[in-house]
A.B. asks: 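This is the structure I want to talk about, given as structure tokens.
Nothing here was measured: the structure is a model prediction, and the numbers come from that model. Just the heavy atoms: all of them, side chains too, but no hydrogens, waters or symmetry mates, feed the values below.
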Amino acid sequence: LLIVTARPEFAESRPAWASRTGMSQIGLERLTESDSHAFLEALVPLVGGGLKERIAASAEGNPFFAEEIVGHLIDRGILRRLGDRIQESATHGVDVAIPDTVRAVLAARIDALAAEEKQILQDASVGGRTFWATALDATGDGRRVRSALQALEDKGLVSTLPTSSLPGQVELSFKHVLTRDVAYESIPKSRRARSHAAVAAWIENLALQRREEFIELIAHHYDVAALPENADLAWPDDPAAREAVRTNGIASLLAASEAVRKRADPVQAVNFATRALALASTDEERLTCLEAKARAEEAALQGDAWTTFLEAFELAGS
């Protein structure tokens with residue numbers, strides 16, 4: 001159970017958040033010094049005062065940072081789980097190095113993962129804060145993905161959601177958006193575009209009749225994959241693959257523009273049409289994108305609509 005709180009007083013109002021409850025507290029504000037010590041006492045009651053003080057000093061009142069430091073120390077073998085409690089290993093020394101920022105400790109935890117777990121976590125981050133397990137299964141070996149996801153859940157990096165926005169699909173979430181961001185940033189750029197294109201195709205194939213409901217998400221993934229700086233790295237020797245993802249990007253962005261325009265969100269419709277125009281490479285594609293952009297600008301009552309229509313007319317007559 002994840003409780004997000006913006007109140008530093010939660011330790012007093014919710015004394016039941018001790019580790020026996022299974023709750024995970026992520027504060028949006030720093031805890032007071034007394035609350036920070038109470039939080040750590042509940043989180044790692046069996047850990048000695050010296051190491052506990054090191055954790056408290058490094059976390060500086062940020063409970064999420066404290067939890068990730070504890071996870072990092074478990075990864076390093078300095079701490080170990082004993083049932084539902086955490087205790088120190090036989091020897092460790094309190095002079096152990098602790099990363100000095102949340103991002104650094106998350107990066108260290110991700111780097112320490114087994115290769116399979118790290119790749120699954122990275123692939124999951126492409127989907128966003130929440131993701132579907134089946135989308136990670138490129139080989140058809142569901143056991144491999146389930147095993148890795150279970151290990152990541154045991155490490156407190158992801159968690160399974162009780163319901164899914166896609167019926168019949170297991171949906172999971174990163175414990176914190178920062179975890180997702182750091183995992184995503186660790187993906188080699190040459191792999192990012194391929195991963196985005198794969199996620200877009202997976203959602204498109206699965207959504208079928210519900211495609212319009214997910215078209216904005218599909219468009220986002222194809223758009224990121226099709227950006228030249230991404231596609232050139234992903235498919236350096238395969239112009240056909242680059243062209244396919246580019247045309248998919250334009251088509252899905254235009255479909256998203258039309259869908260949100262019908263839902264009375266013309267500003268977002270302009271955004272999607274503009275992104276489609278940036279991917280266009282032929283006059284025919286540019287004309288189609290300009291027409292979509294002009295319709296969206298007109299619906300948004302933007303003064304640029306007439307200018308865009310004129311540009312489309314000039315292109316059509318050339």
A.B. asks: Quick test of your reading: applying salt bridge (charged side-chain N to carboxylate O under 4.0 Å, His left out), list the pairs with at least one residue in residues 151-174, sequence neighbours left out, ordered by first then second residue.
C.D. replies: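 The answer is E117-K155.
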
A.B. asks: Is there side-chain contact between V170 and T134, with at least one heavy-atom pair below 4.5 Å?
C.D. replies: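 Not touching, per the 4.5 Å side-chain cut-off.
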
A.B. asks: Flag the pair C289 / L254 as yes when at least one side-chain heavy-atom distance between them is below 4.5 Å, and no otherwise.
C.D. replies: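 The answer is yes, as the side chains (C-beta and beyond) meet within the 4.5 Å cut-off.
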
A.B. asks: Once salt bridge (Lys or Arg N to Asp or Glu O under 4.0 Å) is applied, do any residues pair with E185, and if so which ones, sequence neighbours excluded?
C.D. replies: R103

A.B. asks: Does E229 come within less than 4.0 Å of K189, counting only side-chain N to carboxylate O?
C.D. replies: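 No salt bridge links E229 with K189.
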
A.B. asks: Would you mind checking if E216 and R263 are paired as a salt bridge, meaning a charged N to carboxylate O distance below 4.0 Å?
C.D. replies: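 Answer for the salt bridge query: yes.
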
A.B. asks: Given side chains that start at C-beta, do those of V224 and R192 come closer than 4.5 Å, heavy atoms only?
C.D. replies: no

A.B. asks: Which pairs with one or both residues in residues 269-279 pass side chain to side chain donor-acceptor pair (under 3.5 Å), sequence neighbours excluded?
C.D. replies: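 For residues 269-279, and leaving out neighbouring residues, the side chain to side chain donor-acceptor pair (under 3.5 Å) pairs sorted by first residue read D223-R275.
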
A.B. asks: According to a hydrophobic-cluster definition based on side-chain heavy atoms being under 4.5 Å apart (Ile, Leu, Val, Met, Phe, Trp, Tyr only), do L79 and F64 belong together?
C.D. replies: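 Yes: a chain of side-chain contacts under 4.5 Å links L79 to F64.
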
A.B. asks: If a pair satisfies salt bridge (charged side-chain N to carboxylate O under 4.0 Å, His left out) and one of its residues is in residues 265-274, list it, with sequence neighbours excluded.
C.D. replies: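 Those involving residues 265-274 do not exist here.
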
A.B. asks: Treating S186 as the side-chain partner and A183 as the backbone partner, does any N or O pair qualify as donor plus acceptor under 3.5 Å?
C.D. replies: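 Pair found, side chain donor or acceptor close to backbone of A183.
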
A.B. asks: Quick check against the 3.5 Å criterion: does S58 have a side-chain atom that pairs as donor or acceptor with the backbone of I55?
C.D. replies: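 No: the side chain of S58 does not pair with the backbone of I55.
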
A.B. asks: Considering residues at least two apart in sequence or located in another chain, which fulfil the side-chain contact (heavy atoms from CB on, under 4.5 Å) criterion with V199?
C.D. replies: V126, I203, H221

A.B. asks: Within the structure provided, determine whether F131 and D123 are in side-chain contact (heavy-atom separation under 4.5 Å).
C.D. replies: no

A.B. asks: Could I get the full list of salt bridge (Lys or Arg N to Asp or Glu O under 4.0 Å) partners for R211, not counting sequence neighbours?
C.D. replies: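 With sequence neighbours excluded, R211 shows a salt bridge (Lys or Arg N to Asp or Glu O under 4.0 Å) to E204, given in chain and number order.
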
A.B. asks: Does the side chain of V158 come within less than 4.5 Å of K175's, by heavy atoms?
C.D. replies: no

A.B. asks: Quick one: salt bridge (Lys or Arg N to Asp or Glu O under 4.0 Å) partners of E53, sequence neighbours excluded?
C.D. replies: none

A.B. asks: Please list, chain by chain and in numerical order, all residues satisfying salt bridge (Lys or Arg N to Asp or Glu O under 4.0 Å) with E243, sequence neighbours excluded.
C.D. replies: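 E243 satisfies salt bridge (Lys or Arg N to Asp or Glu O under 4.0 Å) with R246 only.
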
A.B. asks: For T163, which residues count as a side-chain contact (heavy atoms from CB on, under 4.5 Å) partner, sequence neighbours excluded?
C.D. replies: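 With neighbours one apart ignored, the set is empty.
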
A.B. asks: Could you label the plane-to-plane angle of the W132 and W202 rings as parallel, tilted or perpendicular, counting under 30° as parallel and over 60° as perpendicular?
C.D. replies: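 The arrangement is tilted - the two ring planes meet at 30° to 60°.
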
A.B. asks: Not counting sequence neighbours, which residues clear side-chain contact (heavy atoms from CB on, under 4.5 Å) with P188? List them please.
C.D. replies: S190, R191

A.B. asks: Name all residues meeting the side-chain contact (heavy atoms from CB on, under 4.5 Å) criterion together with A193; count only those two or more places apart in sequence or in a different chain, and write none if there are none.
C.D. replies: A225, N230, A234, W235

A.B. asks: Is the closest side-chain heavy-atom distance between I250 and T288 below 4.5 Å?
C.D. replies: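 Result no, sub-4.5 Å side-chain heavy-atom pair not found.
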
A.B. asks: Cationic tip of R210 within the cone over F214's six-membered ring, i.e. under 6.0 Å and within 45° of the normal?
C.D. replies: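 Because its charged atom misses either the 6.0 Å distance or the 45° angle limit, R210 does not stack over F214.
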
A.B. asks: Heavy-atom count check: over 12 atoms from other residues, nucleotides or ligands less than 6.0 Å from E284 CD?
C.D. replies: no

A.B. asks: Taking all atoms of both residues into account, what is the closest heavy-atom pair of H37 and A56, and its distance?
C.D. replies: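 Closest approach of H37 to A56, heavy atoms only: CE1-CB, 4.4 Å.
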
A.B. asks: Could E88 and R80 be called an ion pair, given the rule that one side-chain N must be under 4.0 Å from one carboxylate O?
C.D. replies: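 Here E88 does not pair with R80 in a salt bridge, since their nearest N and O are not under 4.0 Å apart.
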
A.B. asks: Taking ring-ring contact (aromatic ring centres under 6.0 Å, His included) as the test, write out the residues that go with H72, two or more places apart.
C.D. replies: none

A.B. asks: Got a salt bridge between R261 and E258, using NZ or NE/NH1/NH2 to carboxylate O under 4.0 Å?
C.D. replies: yes

A.B. asks: Does R76 have more than 12 heavy atoms from other residues, nucleotides or ligands lying within 6.0 Å of its CZ?
C.D. replies: no

A.B. asks: How long is the straight-line distance from CZ of R295 back to OG of S257, given to the nearest 0.5 Å?
C.D. replies: 7.5 Å

A.B. asks: For residues L290 and F272: do they belong to one hydrophobic cluster (side chain heavy atoms under 4.5 Å, members Ile, Leu, Val, Met, Phe, Trp, Tyr)?
C.D. replies: no

